[in-house]
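Atoms within a ligand are numbered from 1 in the order they appear, just like the ligands themselves.
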Amino acid sequence: MQTTSAMPRLLAIVIPTLLGIHAGIATAAPVEPAEKPHATLNIDTSAPSKAVSPMLFGGFIEHFQDQIYGGLYEPGSTLADARGFRKDVIAAMKELKLSVVRWPGGCFVSGYHWKDGVGKVRKPVPDPVWGATDPNTFGTDEFVEWCRLVGCEPYICTNAGNGTPEEMKQWVEYCNATEGEYARQRIANGHEQPFKVKYWSIGNENYGPWEIGRKDADEWGPLVDQCAKLMHEADPDIKLVAAATKKEEWSLPLLAAAGKHLDYVALHEYWFGYQSKNMMPPYKDCIMRSEGPEKTIETMLGILDKAGCRGRVRIAFDEWNLRGWHHPGFPRKKALEAGDAEAVEFIAKREINKIHAQYTVADALFSASFFNSCLRHCDDVGMTNIAPIVNTRGPLFVHPNGVVKRTTFHTIAMYANLLESRVGKCAVEAGQFGGGKNPIAVIDAVVTVDESGKKWSIALVNRHPDQTADCTVKLGEHLLDGTFAATVLAGASPEAFNDVEHPGRVAPEQTKLTFTKGTATLPPHSLTIVRFTQP
Ligand code: AHR
């Protein structure tokens, strides 16, 4: 573990705790498969391919810890532009071809009032959710400007906690109207042209007892219906998402009451719940969660089918990550005095999110499988947003002197830059891994193809920690043969990670992959993207 000069005493407080946690985790027993890891990919070249949504590799950013202030926004930093946006963060986001970003929360939004965050005079307010004081210097105008600099779609999540439907409508007007009180306000704030914010969410996790203004399932649908009507009055062209879950008892009544207005239902999932107790499980424990995302998608599709909305309403996986954020003592539901002793202590504990050793090759490969699952269902999954995109548990760690690209950064960059725009039909037969009652496939694969049907790009994950895997690819009737350009992300060990002193320990390598009579060998604990043109 390393620290930066920005987190001096806090880490000194938490380090002993962390070491205790780390030492308390048993190392996973070595895996002894009965056979060499292998898989066969049968690609059906005559089947129609499916288009991938351009928003499949998006991000989420919340007013939490230093995701915004001291993350992407740091006025006064020599690394920031004149408006305070960190230029190195913007460059990294461009490298990810970031397509969409959800803001301002998360739980934070259920206590957030957008009017505090616009205009010349900004009012700092106590944040009742995370116990901090929000200076409100980063609000709607700054968020939209930042998205324009990055080149991504802004996606605003509204306050369905202690906010009102009228407040949501006015927010849409502020962003998108050409006339009226809120359009005039935006113009007075220096933005003559409407922001044209296309993606809006009604609420965040309003089913949860942790959320300010939690709702019952029978209240939620009618409320979403009311909010959607008002928001569409302000701008009929916006795309609407509503807070949902994979639980029928919440999502079926929502879809029955308001499904006609919705373009997406939101899903959130963190496959380790570390909100109150952090842990650092070994590679195998992490990798064994890799098939969870697909199960969640399939469950949600069952609900969309049952509601008769499938095909019209898609899934926005608008918060996801392997590890839940660590924030013991939070969320709260009441504003605290700045400096409240208990809050200060709890806020210090969030520094645990900064331990670089937590973000290993396991996170990179889990994320690859997350994307593979979404790609396999790309007609139904229209958006995903890693939570968060910057700091806390995100792919980019920002410190006062620069950034560190964590292992997941490279996964996202590879998927966003190296895959083709459509998903091809492919049956994967893979050996199993993990033993026990619930083994998983040792190789996970997804096949993409361009519009012409000739250029292919295949993402292959070898989940085995220490064995190479044989992967056979059959393209129509032919076994793939030849040597092709490939990019491989593996690192020296399954537990490898990047930090400030070693930012390039886990990084993609450009190489070649040779298929002989259809079969190529994949390195242990690796993600490979191989590209070729059909002969
Ligand atoms: O742990 C962070 C929180 O996770 C987000 O604010 C919330 O939306 C989700 O429960």
Q: Which value, rounded to the nearest 0.5 Å, describes the distance between Trp210 atom CH2 and His327 atom NE2?
A: 10.0 Å

Q: How far is atom 4 (O) of ligand 1 from the closest protein heavy atom, and which atom is that?
A: Glu319 OE1, 3.4 Å

Q: Could you check atom 10 (O) of ligand 1 against the protein and tell me its nearest heavy-atom contact, residue, atom and distance included?
A: Glu205 OE1, 2.6 Å

Q: Considering both backbone and side-chain atoms of Trp130, is one of its nitrogen or oxygen atoms within less than 3.5 Å of a nitrogen or oxygen in ligand 1?
A: no

Q: With no hydrogens and no angle check, just 3.5 Å: does a side-chain donor-acceptor pair link Gln65 and Lys354?
A: no

Q: Looking only at the side chains, is there a donor atom on one of Asp127 and His63 sitting less than 3.5 Å from an acceptor on the other?
A: no

Q: Does the N or O separation between Asn204 and ligand 1 drop below 3.5 Å for any pair?
A: yes

Q: Check for me whether Tyr270 has a heavy atom closer than 4.0 Å to any atom of ligand 1.
A: yes

Q: Closer than 4.0 angstrom: is that true for some heavy atom of Phe60 and an atom of ligand 1?
A: no

Q: One pair to check against salt bridge (Lys or Arg N to Asp or Glu O under 4.0 Å): Glu142 and Arg122. What are the steps and the verdict?
A: CA-CA 12 Å; Glu142 291 74 23; Arg122 302 288 174 95; 2.9 Å; yes

Q: Taking distance alone, with no angle check, do Gln275 and ligand 1 share an N/O pair under 3.5 Å?
A: no

Q: Between the side chains of His326 and Glu351, does any donor sit under 3.5 Å from an acceptor?
A: no

Q: What atoms of ligand 1 come closer than 4.0 angstrom to any heavy atom of His327?
A: 1 (O), 2 (C)

Q: Quiz question: by atom type and distance under 3.5 Å, do the side chains of Glu211 and Asn204 form a donor-acceptor pair?
A: yes

Q: Between Asp225 and His261, do the side chains contain a donor N or O and an acceptor N or O under 3.5 Å apart?
A: yes

Q: Just checking Tyr155 against Trp200, ring centres under 6.0 Å apart?
A: no

Q: Among all protein heavy atoms, pick the one closest to atom 2 (C) of ligand 1 and tell me residue, atom and distance.
A: Trp325 CE3, 3.1 Å

Q: List ligand 1 atoms under 4.0 Å from Glu62, heavy atoms only on the residue side.
A: 5 (C), 6 (O)

Q: Check each heavy atom of Tyr274 against ligand 1 and say whether those closer than 4.0 Å belong to the side chain, the backbone, both or neither.
A: neither

